[in-house]
Every structure is written in C-alpha cells, then in structure tokens.
Peer 1: 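Before I ask anything, here is the structure I am working with.
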There are 2 protein chains.
Amino acid sequence: MYHSRLMALDADVLKVLADPLRARILQLLAAEALCTCHLVEETGAKQANVSNHLKVLREAGFVDAEPCGRFTYYRLRPDALRRVADALHELADRAGSDARRPC
Amino acid sequence: MYHSRLMALDADVLKVLADPLRARILQLLAAEALCTCHLVEETGAKQANVSNHLKVLREAGFVDAEPCGRFTYYRLRPDALRRVADALHELADRAGSDARRPC
DNA sequence: ATGATACATCAGCCCAGACTGATGAGTCGT
DNA sequence: ACGACTCATCAGTCTGGGCTGATGTATCAT
C-alpha cells in the first residue's frame, strides 16, 4: 500500500466545507457545472455572497472556475474532496485498538 | 449496492471537525483512549477549553465518554467519522459527468 | 455608444463560537 | 474530615467570518 503515510486532519480545509451555503453549492456542482447566476437562483442567496463563497471554494481547490464570455462556469474537483474523505477514513481506521493510557 | 442513497453534506457536523483543537484531539484519540488531563497536557490548551471541545465532540457522536473514578476516558467513534468520510467520497464520485447547464 | 447583464471586490455590520478565570461537583488518598 | 485532584459548567470577552449594499470591471446586444 502506498498511501499509508499518516494524513493529518487540516482544520482549515474542513472549515471551507463546514458552511451550509458552501456545502449546498458543492452539492449542486456535483450534478453539473454551473455559473454564478445559476447558483444564485438555486440557493436564493445574494450574488455577492455566492461570489465570496465561490472564491473561498476556489482558493481551497474544491472547485475550478472556467470563464466563458461574461459567465463563469464552476466545476467540482473530486480529487480535492477525496483527499479530505481519505483523511477522515484513515483516521477512523487508525482507531481500532482499545488501548488506554494510564493516568 | 446498498448505500446508494444520496447523502447530503451536513455543515453542522463538518463544523464540529473544522476546529484545530478538536481535530488535534481526534488525532490523539485515534491512537488510544485518553482522559481529559492527558489531552490538556498534550495540547497545551486550558482545561476548560478542552472540556468544552470534548462536550461538542461528544454531542456530535465523534467520541464516547467513559467515567472512570475521578477520570473520564474519551474514545474515538470510528463509525461517526466514516459516515462523514463516505458522504464526502460519495459527493466526489457523483461529480463524474462534464455536463454544464446552459445559461 | 449606450444600456443591460454577469461577476468580482470592497467596507461595514453583526453574531456564533473559541478562549479564559472562576466556581461547583465528584472522587481519591491519608 | 480534610486537602488534593479531575472534570464540568458558568459568565464574560473578543475575534473571525458570513452577510449585505454599493461600486467596479468585463462582456454582450442593439
């Protein structure tokens, strides 16, 4: 097995996912690529708000932005999500033993 | 396939993981069960702070508390972590298509 | 060129929640 | 019984970050 190196939970990365609107945006982008205007009408949030959240998601590597005329299409990056999922899964697997440190 | 039902990302659950001290605590508990005093000295955080974070982790189902004399041992619950990991993984898998909704 | 549309960015408001010191409750050793 | 210890809870402070209205920058249609 290659990826047996210990992956640390990165709270900064998790923070990006831990927002209701950002989570909703990711769900929507999982089905198809969408531009900002779609996300605005689907979520009901204000344009500036959606745009800010997209910036956060982009800088964290969870979405890709593809400018297209006056639109900007956003697309999910599954690899980034899988890295987080794997880190959590590996943490769960590491917890097998029932050892307890004495006081 | 059994678990093919769509799992929604729960931002409230992710919020619990998205804190540096809580993430550190989970890492430590992955190796062995520890009581609060261990976590206090390992993390360097104040006792009240650690205790508060443990309460959050407990209420979210990520750790189990086992009172033991005047100590309280905390143990990781891998199933809870796996549920989050699976939700993220499933979201990543759902993103295969390169469809884009027209404007 | 003018207006309309899509999106980004900015400044400011506001609140959830992380942190702290103090106190309370329970348990142990002597 | 008394002090020492572990841990939980409380009240209060303060900062990060989500939200908004306004403005700026492109791009499109006519």
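Predicted model, so just to flag it, every value in this text is computed and none were measured. Below, chains carry the letters A, B, ... as their sequence lines are ordered, and counting in each starts from 1.
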Peer 1: When you match His38(A) and Asn49(B) each to their closest nucleotide on DNA chain C, which lands nearer the 5' end?
Peer 2: His38(A)
Peer 1: With heavy atoms under 4.0 Å as the rule, sort Thr72(B) into base, sugar-phosphate or nothing.
Peer 2: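 Here Thr72(B) touches the backbone only, sparing every base.
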Peer 1: Which nucleotide wins on minimum distance to the side chain of Ser51(A), given the candidates dT9(C), dA6(C), dC19(C)?
Peer 2: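 The listed nucleotide nearest to Ser51(A)'s side chain is dT9(C).
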Peer 1: For Asp64(B), is there an ion pair with Arg77(B) - N to carboxylate O distance below 4.0 angstrom?
Peer 2: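 Salt bridge between Arg77(B) and Asp64(B), a charged N being under 4.0 Å from a carboxylate O: yes.
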Peer 1: Distance check: side-chain N/O of Lys55(A) vs OP1/OP2 of dA8(C), anything under 4.0 Å?
Peer 2: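 Answer is no, no contact under 4.0 Å.
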Peer 1: Quick one: label Cys35(A) by what it contacts on the DNA or RNA (base, sugar-phosphate, nothing), any heavy atom closer than 4.0 Å.
Peer 2: sugar-phosphate
Peer 1: Over all heavy atoms of both residues, which pair between Met7(B) and Asp86(B) is shortest? Give the atoms and the distance, please.
Peer 2: CE-O, 3.6 Å
Peer 1: Using chain A heavy atoms and a threshold of under 4.0 Å, write down where along DNA chain D the contacts begin and end, 5' to 3'.
Peer 2: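 The protein-touched segment is dG17(D) to dC28(D).
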Peer 1: Between Cys68(A) and Ala48(A), which has a closest nucleotide on DNA chain D that is more 5'?
Peer 2: Ala48(A)
Peer 1: So how far is it from Leu88(A) CG to Leu14(A) CG, rounded to the nearest 0.5 Å?
Peer 2: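 Separation between the atoms: 6.0 Å.
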Peer 1: Under 3.5 Å, side-chain donor or acceptor atoms of residues 23-38 of chain A against the rest of the protein: list the pairs with distances, not counting sequence neighbours.
Peer 2:
from, atom 1, to, atom 2, distance (Å)
Glu32(A), OE2, Arg101(B), NE, 3.0
Glu32(A), OE2, Arg101(B), NH2, 2.8
His38(A), ND1, Cys35(A), N, 3.3
His38(A), NE2, Pro102(B), O, 3.2

Peer 1: Using the closest heavy atom to pick a nucleotide of DNA chain D for each, name whichever of Gly69(A) or Asn52(A) lands nearer the 5' end.
Peer 2: Asn52(A)
Peer 1: For the CG atom of Leu9(A) and the CZ atom of Arg22(B), what is their distance to the nearest 0.5 Å?
Peer 2: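 Those atoms lie 12.0 Å apart.
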Peer 1: Tell me the interatomic distance from Gln47(B), atom CD, to dC19(C), atom P, rounded to whole angstroms.
Peer 2: 14 Å
Peer 1: Using a 4.0 Å heavy-atom cut-off across all strands, classify Tyr74(A) as base, sugar-phosphate, or nothing.
Peer 2: sugar-phosphate
Peer 1: Working to the nearest 0.5 angstrom, can you tell me the gap between Arg94(B) CZ and Glu90(B) CD?
Peer 2: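 The distance works out to 4.5 Å.
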Peer 1: Whole angstroms only, please: what is the CD-P distance between Glu59(A) and dA8(C)?
Peer 2: 12 Å
Peer 1: Using every non-hydrogen atom in the two residues, find where Ala11(B) and Pro20(A) come nearest and quote the distance to one decimal.
Peer 2: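 Of all heavy-atom pairs spanning Ala11(B) and Pro20(A), the closest is CB-N, 3.4 Å.
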Peer 1: So, is Thr36(A) close to the dC7(C) phosphate, meaning a side-chain N or O under 4.0 Å from OP1 or OP2?
Peer 2: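 True: Thr36(A) side-chain N/O within range (under 4.0 Å) of dC7(C) OP1/OP2.
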Peer 1: Give the rounded distance in Å between these two atoms: CD of Glu66(A) and C1' of dA6(C).
Peer 2: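 So the CD-C1' distance, Glu66(A) to dA6(C), works out to 16 Å.
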Peer 1: What's the closest nucleotide to the Leu21(B) side chain, out of dC19(C), dT20(C), dT9(C)?
Peer 2: dC19(C)
Peer 1: Could you state the CZ-C1' distance from Phe71(B) to dC28(C), rounded to the nearest angstrom?
Peer 2: 8 Å
